[in-house]
Amino acid sequence: MPAQPTVEELVAKYDQERPMSRLSPRLSTAVSAVCAALSLFSLYAVFFPLERGPQFTVTIFLAVALPLCFLTYRTDVRIGPGVVDWVLAAAALAVCVYPLLDFDGFLERRQLPTAWDTAAGLVMLLLVLEACRRTTGWVLPVLCVGFLLYASYGGLLPYEWPLAHSGFDADAILANLFMGSDGFYGVPLNVAATYIVLFTIFGAVLDLSGAGAFFIELSFAAFRGSRSAAGRTVTAAGFLMGTVSGSGTATAVSLGSVAWPVLRRAGYTKEKGGGVLAAAGIGAILSPPTLGSAAFVIAEYLKESYLTVLLYATVPTVLYYLGIILAVEIDARKNVTTTVEVERRSPLKLLARFGYHFLSLFLIIGFMAAGLPPFKAVVYATGVQFLLSFLDPAHRLTPRRLFEALAQGSRSVLPVIATCAAAGIIVSVVTQTGLGLNLATIIVESAGAFGDDPTVTLVLTALFAAVSVTVLGLAVPVTASFIISAVIIAPAMTTLGVTAPEAYMFIFYYAVLSEVTPPTALAATAAAAITGGSPMQTMWETFRYSLPAFLVPFAFVLTDNGAHLLGQGSFTDVVWVTAVSALAVAALAAATGGWLLGPCTRLERGLCAVSALLLLYLKPLSLLIGSVLLATALGLHLLRGRRARAHTVLDAR
C-alpha cells in the first residue's frame, strides 16, 4: 500500500503558486540563507528606500529571485539541481545584474537600445518563460508566446480588422519588455517585490509562532455538541488559517490533514468532506486582512490604499462563508452528519492564553487606518508578532526559527515572482499594441448584437467576463489570471459604466473561484487527495458549497446598489444591501440543498432559486418580486408540513 502523501508534497503538487523543491541539506541551507537575506533586503528597503528609486530595488530583487527559481524548482524528482539548472541560474544572475551596471544609462536608452540591450532582453525573455514553466506549467508561457507573436505579426492583419495594429519589430518589443515600465519590471513584479513578499514573511512569522495551530484548536473548541459542529469547525478554521497562508490549496490541505478524521467520524463522505475542506480553504484568498497576491495588484492598479481593497472584500467574504455555513447546517439537518465529540480545551481558556495571536492581524488594519502604508503596517505587525512569540515557550522565535521564517517568506514567493514577470510580458504587449481597447470594443459590440438594451449588453458582458476569467483561471495561477483579465476584460466593463473597483473585484473573485471550478479545480483535487475521494465528485461538492460566491459578484456590476457590497456608500446603504444579499444567499442555499424547515419540493426549490437571483439584482422591482417568491416558497413549505402533520395525527388515531 503506497504511503500517504505529506502536506508539503500535496501543496507542492496542487498549488500553482508555490515552489516544489527537493534539495540536498547543504544546498537547502545555502538557498535558505539567500532567501533570508532577500527578506532582510525587502525589510530594509521599507525604511531606507534606495536612492535610485523603486525600479532599481525591483531589479535587485529579481536578480536574486530569478536564479533561485532555477535552483529550487525542477520538473523531475531528482534531488538537487543539475548542470543545466546551474547554467540557467548563472545566466539569470548575469542578465538581471546587467541593467544595474549602468542603471541611469540603461533607462535613458529605452528608445534607442543597443545590440547588447537587445541581446540581454532576449535572454531575459527566455529565462522568464522557463522559470514560469517550471513554477506554474506550460499554459502561461504559451500564452505569453502567443501575445508576442501577435505583437510581431499583428501588423500583417487586414487594416479593417479590429485587432490589427501597425506591427513592431523584435528590437521594439524587447526594449519595451526589458527597459520599459510595463514589461518585466512593471506593476505586477513591483507589487510582488514590495507588498507580497512582506506579507509572506508576516504569514511565516505568524505560522511559526504557533498562530496556525491555535486557530485550528480554537475552531475545534468553539463548536461542540451539535451535528453541524464538524462542518462549522472546518469553515471557521479555514477562515482563520487564511490569515496565515493566503493560499486556498495550502489551507485546504493543511486543514484537511487535521480535520478530515473529524469530518469522517461525523458521517461526511469522502467527497462531501473534501468539498467542505476545499470551499473553506479557498476562502483564504478572499479573506481579510491578507487576501491573495492579486489583491495587492488591485490596490496598485486602482491607486488606492490596500485598506480600501480590504474594505471592498469584507462583505463578499461574509456572504461567502455564510453560504458555506448554511450548506453545512442543511447537511446536518438532512441527517448526513452526526455529533462528534473530540478532545478539546475550553475556548475561553484558549483565548485567554493564546488570543494574542489575533493582535498582529488587527494591528495591520489599525496601522493602515492610522495612515501608514501597507508595507510599513505589515512590517510593524510582524515585529509585534515576533515579540509575542516569546509568550509561548514552544513556539518562541529563536534566532534559528526567525531565520526559518525569513527564508520561508521569500522562498514561498518565488513562483509569484516568476508569474508576475511573465504576466508583465502580456501587459507590455497589450499596452504597446492597444489590444486592450480593441478587445473591449469587440466584447461590447458582441454583447450588443443581441439587442440595443444597455442592461442586456451589460449582463451579457458580465457573463462573458465571468466565463473568460474562470476558463483562464483553470490553466494559470490566480495572480496571472487576474492581471491578464484586468488589462483585457476590465476595459469592456468600464466602457459600459461599471466603475474600476467593481470591475477589478468582479475579475478577482472569478479568478479565485477558478480554483474550485470543475474540471481542474486544484483546491478540490488536493482535498480529494487527503480524503481519498473521487476528484471530480469532490469538485462538484465544492462547487455546491461555494455556489453563492459565483453569483454575488454579478451584484457588484449590474446595478448601482451593488457598489454597497464593496463598502461604498453610507453605513445604512451597506447594511441593507448586505442584509438583502444574505437573504439571497440563504434562498440559494435552500435551493441547492433542497431544505427549508424540512425537505423541499422541486417547486419550492425553483422558487427559492429564482428569488435568489432577483434579490441579488438589488433593484426595487426585483427585490419586491424576489421577496414575494421567497415568501411563497416558504408559505407552500409550511402549508405542506402542516398537512403532513395533520395526516400523521389522523393515521395515529
Side-chain angles (χ1 to χ4, degrees), residues 1-16 18 20 137 139 227-228 230-235 237-238 241 247-285 320 323-332 334-338 340 470-471 473-475 477-478 512-550 588-589 591-595:
M1 182 177 179
Q4 180 74 12
T6 65
V7 171
E8 291 76 14
E9 289 171 340
L10 288 172
V11 170
K13 183 176 181 180
Y14 294 110
D15 194 341
Q16 288 181 309
R18 290 214 168 191
M20 180 172 62
V139 177
R227 288 182 300 182
S228 59
R232 293 181 193 172
T233 297
V234 170
T235 305
M241 283 290 291
S247 166
T249 302
T251 301
V253 171
S254 301
L255 184 58
S257 64
V258 177
W260 166 234
V262 178
L263 290 172
R264 182 174 54 212
R265 287 164 54 194
Y268 279 87
T269 65
K270 295 176 180 179
E271 289 74 25
K272 283 187 177 294
V276 174
L277 290 169
I282 203 65
I285 313 181
Y320 177 79
I324 299 177
I325 287 291
L326 291 173
V328 164
E329 295 294 335
I330 289 173
D331 281 349
K334 291 170 69 175
N335 296 319
V336 173
T337 60
T338 58
V340 176
T470 302
V471 170
L474 297 178
V478 171
V512 171
L513 292 171
S514 64
E515 288 207 10
V516 293
T517 303
T520 60
L522 293 181
T525 304
I530 287 284
T531 65
S534 163
M536 185 56 66
Q537 292 181 32
T538 302
M539 291 179 196
W540 286 114
E541 288 293 339
T542 305
F543 183 78
R544 179 174 68 87
Y545 282 114
S546 57
L547 183 58
F550 285 86
L588 189 60
T592 56
W595 191 274

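- With sequence neighbours excluded, the residues that form a salt bridge (charged side-chain N to carboxylate O under 4.0 Å, His left out) with Arg544 are Asp331, Glu541.
- Closest approach of Ala527 to Gly274, counting heavy atoms only: CB-O, 3.4 Å.
- Listed by chain and residue number, Ala278, Ala521, Thr538, Met539, Thr542 satisfy the side-chain contact (heavy atoms from CB on, under 4.5 Å) test with Ala524 (two or more places apart in sequence, or in another chain).
- Annotation: salt bridge (Lys or Arg N to Asp or Glu O under 4.0 Å) contacts involving residues 528-540, sequence neighbours excluded, are absent.
- Thr531 pairs with exactly one of Arg264, Lys272, Lys270, Glu271 by the side chain to side chain contact (heavy atoms under 4.5 Å, CB included) rule, that one being Lys270.
- Considering only residues two or more places apart in sequence or on other chains, Phe543 meets the ring pair (Phe, Tyr, Trp, His ring centres under 6.0 Å) condition with Trp540, Phe550.
- Between the CG atom in Leu547 and the OH atom in Tyr320 there is a gap of 11.0 Å [rounded to 0.5 Å].
- Partners of Ala589 by side-chain contact (heavy atoms from CB on, under 4.5 Å), not counting sequence neighbours, listed by chain and number: Leu326, Ile330.
- No donor-acceptor pair closer than 3.5 Å links the side chain of Tyr545 to the backbone N or O of Leu277.
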Applying side chain to side chain contact (heavy atoms under 4.5 Å, CB included) to Val512 and Ile282, what does each step give before you reach the verdict?
CA-CA 8 Å; Val512 171; Ile282 203 65; 3.9 Å; yes
